[in-house]
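In listed order, ligands and their atoms are each counted from 1.
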Amino acid sequence: MATDELNAIARKMVAKGKGILAADESSGTIKKRFDKIGVASTFENRRDYRELLFRTGEAMRSHISGVILYDETIRQDAADGTPLVKLIEAAGSVPGIKVDAGAKPLAGCPGETVTEGLDGLRERLEEYHKLGARFAKWRAVIDIGANMPSYNCLNANAHALARYAALCQEAGIVPIVEPEVLMDGAHDIDTCYTVTEFTLKETFQQLYYAKVALEGMVLKPNMVIAGKKSPKQASVSEVAEKTVRCLKACVPSAVPGVAFLSGGQSDEEATAHLDAMNKIGGLPWALTFSYGRALQAAPQSAWAGKTENVAAAQKAFAHRARMNGLAAVGEWSKALERAA
Ligand code: 13P
């Protein structure tokens, strides 16, 4: 597809005050989320839960530019028979699809993974496009540990991301390129900076070799942040400054937008960090959210699988969507969070 058409989709995905809802939990991951709220992970419960999100009209129309779906969901109908994809489109939001097959152990590199899913991807993308997907997601996972990541891990993951992205663009689908440096370890923020910088440099080098049009993609990176188990946690302003500095050093300005993952940050931390970065301003790309947990933890616990809680769950989702929409333009504050 022509780069300008891909660019138009990408710009819609990072439109002012909007961001992406990552609702593409695999069957295993959604089961883990449902276990926490005591809900059985059945076909109908997964449908009811996702339907309530996509029917949160005001939040979807005003703050959710796109929704990442899982294979089951892109084929699923709402309880009244309307395809879930149609609910998303009716809200003016763009349907997207997770196409990777997950992170698998990387031979020769104990403890590290490479994301698989390239075999047959051209054909799958063609089908997903017919089902309504206009963007896709592929997540590479980089773990920080003793002698990790290895260059082999960074290179193999970046190469796979680049092959995926080129196939997406061929199919008229905007690739979300997601190299996630995990925040699970005990490392400090500067270690995260060094690893994120290396990861992004390698990723953009491979995207160049694969002839990916940067104008027709969206980057989904981690923030530069201390590991969850680090005794030295960084302040909001330090996370914002270091993340912006790292991105400026690695992400060409031809990329229309950067949409962060939340990666295990609390709802409010993820919002505060995004807001602080946009308050710095003067950035060459849109900086927004593509959150899974940080948008869904609140509605999931409000819902708890009960029909009578649907309105409360929608209210909780609408609130997080609005807070993140404000953060995407640097207009969020703790006071607004409390006022709600
Ligand atoms: P989190 O925001 O929960 O990290 O999920 C975003 C995502 O899509 C990870 O691939």
Side-chain angles (χ1 to χ4, degrees), residues 13-14 19-34 36-37 49-50 53 63-74 93-104 113-117 133 135-144 157 160-161 164-165 168 174-185 192 196 199 203 217-225 227-228 239 243 257-274 277 287-301 317 320-321 323-325 327-328:
M13 290 162 66
V14 297
I20 297 164
L21 166 64
D24 60 323
E25 299 83 3
S26 63
S27 309
T29 304
I30 196 73
K31 183 179 179 312
K32 267 194 255 164
R33 306 281 185 263
F34 278 13
K36 272 202 198 143
I37 53 169
Y49 169 63
R50 285 164 173 153
L53 295 178
H63 304 298
I64 304 297
S65 58
V67 181
I68 318 175
L69 301 169
Y70 186 56
D71 182 78
E72 174 183 272
T73 322
I74 201 171
S93 190
V94 186
I97 181 76
K98 181 226 294 292
V99 299
D100 68 66
K104 304 287 157 65
T113 61
V114 63
T115 299
E116 296 189 349
F135 71 92
K137 182 192 104 171
W138 178 290
R139 172 175 175 258
V141 182
I142 310 297
D143 206 354
I144 298 180
N157 276 294
L161 276 168
Y164 140 83
C168 283
V174 169
I176 292 186
V177 173
E178 180 180 9
E180 175 175 5
V181 176
L182 296 178
M183 59 177 293
D184 294 344
C192 179
T196 301
T199 300
T203 300
M217 64 162 275
V218 170
L219 179 72
K220 176 163 174 167
N222 53 285
M223 294 180 192
V224 173
I225 192 167
K228 264 186 251 171
V239 170
T243 304
V258 173
F260 292 102
L261 59 95
S262 61
Q265 298 178 45
S266 74
D267 298 2
E268 203 175 314
E269 275 167 0
T271 306
H273 288 147
L274 178 63
M277 286 183 232
L287 268 198
T288 187
F289 58 92
S290 175
Y291 293 161
R293 283 163 285 182
L295 275 170
Q296 295 189 66
Q300 277 166 8
S301 50
F317 173 52
R320 287 270 43 93
M323 291 300 105
N324 285 307

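Ligand 1 places these atoms under 4.0 Å from at least one heavy atom of Ala22: 6 (C), 8 (O). In the vicinity of Tyr291, heavy-atom distances shorter than 4.0 Å reach the ligand 1 atoms 2 (O). Less than 4.0 angstrom separates some heavy atom of Ser290 from each of these atoms of ligand 1: 6 (C). Heavy-atom proximity to Ser262, at under 4.0 Å, picks out these atoms of ligand 1: 1 (P), 2 (O), 3 (O), 4 (O). Shown in contact with Gly263 at under 4.0 Å from a heavy atom are these atoms of ligand 1, numbered in order with element: 1 (P), 2 (O), 4 (O).
To the nearest 0.5 angstrom, Thr196 atom OG1 is 10.0 Å from Glu180 atom CD. The distance from atom OG of Ser262 to atom CD of Glu269, rounded to the nearest 0.5 Å, is 10.5 Å. Rounding to the nearest 0.5 angstrom, the gap separating the NE2 atom in His63 from the OG atom in Ser93 is 12.5 Å.
Remark: of the listed residues Val94, Ile64, Ile176, Thr288, Ile176 is the sole one forming a side-chain contact (heavy atoms from CB on, under 4.5 Å) with Ile20.
In terms of modelled atom types and a separation under 3.5 Å, the side chain of Tyr164 and the main chain of Ala136 share a donor-acceptor contact.
Crowding of Lys104 atom NZ: a count of heavy atoms from other residues, nucleotides or ligands under 6.0 Å exceeding 12.
Between Arg293 and ligand 1, at least one pair of N/O atoms sits closer than 3.5 Å.
The nearest heavy-atom contact from the protein to atom 9 (C) of ligand 1 is Glu178 OE2, 3.2 Å.
Evaluated by nearest non-hydrogen atom to atom 8 (O) of ligand 1, the leading choice among Lys98, Gln265, Lys220, Arg139 is Lys220. Of the listed options Gly292, Ala259, Gly264, Ala297, Gly292 places a heavy atom closest to atom 5 (O) of ligand 1.
Side-chain atoms of Tyr49 and Gln300 include a donor-acceptor pair closer than 3.5 Å.
In this structure, Lys137 counts as a contact residue of ligand 1, since one of its heavy atoms falls inside 4.0 Å of the ligand.
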